[in-house]
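The structure appears right after this line, and notes come after that.
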Amino acid sequence: MPLALLALAIGAFGIGTTEFVIMGLLPEVAGDYGVSIPTAGYLVTGYALGVMFGAPLMTVLGTRISRKRMLMLLMGLFIAGNLLSALAPVFFVMLTGRIIASLAHGAFFGIGSVVAADLVAPDKKAGAIAMMFTGLTVANVVGVPLGTLVGQTVGWRVTFGIVAALGVIGLVGIARLVPDLPKAEGVRLRHELAAFKNVQVLLAMAMTVLGFGGVFAAITYIAPMMTHVTGFADGSVTWLLVLFGLGMVGGNLVGGRFADRALMPMLYVSLAALAVVLALFTFTAHDKLLSAITVALIGALGFATVPPLQKRVLDQAHGAPTLASAVNIGAFNLGNALSAWLGGLVIAAGLGYTAPNWVGAALAAGALVLAFVSAALERRADRTTTVVTGSAPAEQRAAVHH
């Protein structure tokens, strides 16, 4: 794998840390600004919305410049947002800093996925994408726990200052290591938008929303589930999240490796297993050992879907993949928001803290159904193309194109 992927992974590490570390620092931030915890929660919501809307917006704004330069500008935006958060004198200014940082998130992963795939041979594209996303998964194992510890002991402003410094390292790495790849000839915004007319692109994004939504239906409410149902102490939740992060790291790498060999079968297996494990979590949540194992499995199976889904979007939007790739990153956050809302509904309905697991299982099962529909439509299109024109099936044409 090219060394340039390390620079992308460092940027991803910083972005992953700033996205999730705020969840462990909400009490400290709320106390400093004199606001309630629900009000401080807007720092999480605002970031998620910024990712959803910022991904297509920043990608469209960057269509006229090279991908390397756009990645550098996005890291600059990320640094500015985190510095503003670290120095914010009032809550509104910090919220503004969070939103500024979030605008870089979706476009960075979307454009970074395209760059990572372009750096390697066609049979290693998913692995390259997984390598970049390793920075995001490792952030949940190392960056978030350490950032939370620093924030609780030294001060949350120091945490955001360190995250900004990580952004500087990522920016320098991209400037020095990422080659200035030429833009695809003749690609304009209308070509990027045309990718959304492709039903396969839309199906892949829907799989992203439902599949990753299944993961966060359970993980969003892991703290009350583990403390009230399983009987863990409050302090144990951090280590359970580390287990979840370790599962993410492993699943991401395995998903990238096998997606390059058999993309759709990889999706079938991971989504089916995810649906089963989420359903079982309702029962394993009553045992400490089994629940810990289940949390790690949810992280592994959930992130095993990320490289194949991202590569699926790139393959189906070939020729103009940048905007579609960035919007698919926004789809992950849409899945997070949708599943958190649905999980809250079933808890509010009095079904208990394990009820979101059934919501997650249903969402993952829905993604599996869409995967089968997508494959069936592709096979039918290939048969029609072969009969009518005598040309090669879509997979062979895409391989030749790349």
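Ionic pairing of Arg67 and Asp118 is present here: one or more N-O contacts between side-chain nitrogen and carboxylate oxygen are shorter than 4.0 angstrom. A salt bridge does not link Glu28 with Arg157: none of the charged nitrogens is closer than 4.0 Å to a carboxylate oxygen.
Taking 4.5 Å as the limit, every side-chain heavy atom of Ile111 sits out of range of all side-chain heavy atoms of Val114. Within the 4.5 Å cutoff, no side-chain heavy atoms of Ile22 are placed close to those of Tyr47. For the pair Leu83/Phe160, no side-chain contact is recorded, criterion being any heavy-atom separation below 4.5 Å from C-beta on.
Ring-centre distance between Phe212 and Phe303: below the 6.0 Å cut-off. The aromatic ring centroids of Tyr33 and Trp156 lie less than 6.0 Å from each other. Ring to ring, Tyr42 and Phe91 are not that close: their centroids are 6.0 angstrom or more apart.
One finds the CZ atom of Phe13 at 12.0 Å from the CG atom of Leu6 (value rounded to the nearest 0.5 Å).
Between Phe244 and Phe216, the ring planes are perpendicular. Angles over 60° get that label, and only those under 30° would be called parallel.
With hydrogens and angles left out, the side-chain atoms of Thr294 and Thr284 include a donor and acceptor closer than 3.5 Å. Between the side chains of Thr134 and Asn252, a donor-acceptor pair is found at a separation under 3.5 Å.
Partner Pro356 forms a side chain to side chain contact (heavy atoms under 4.5 Å, CB included) with one of Val346, Leu345, Leu342 and no other, that one being Val346.
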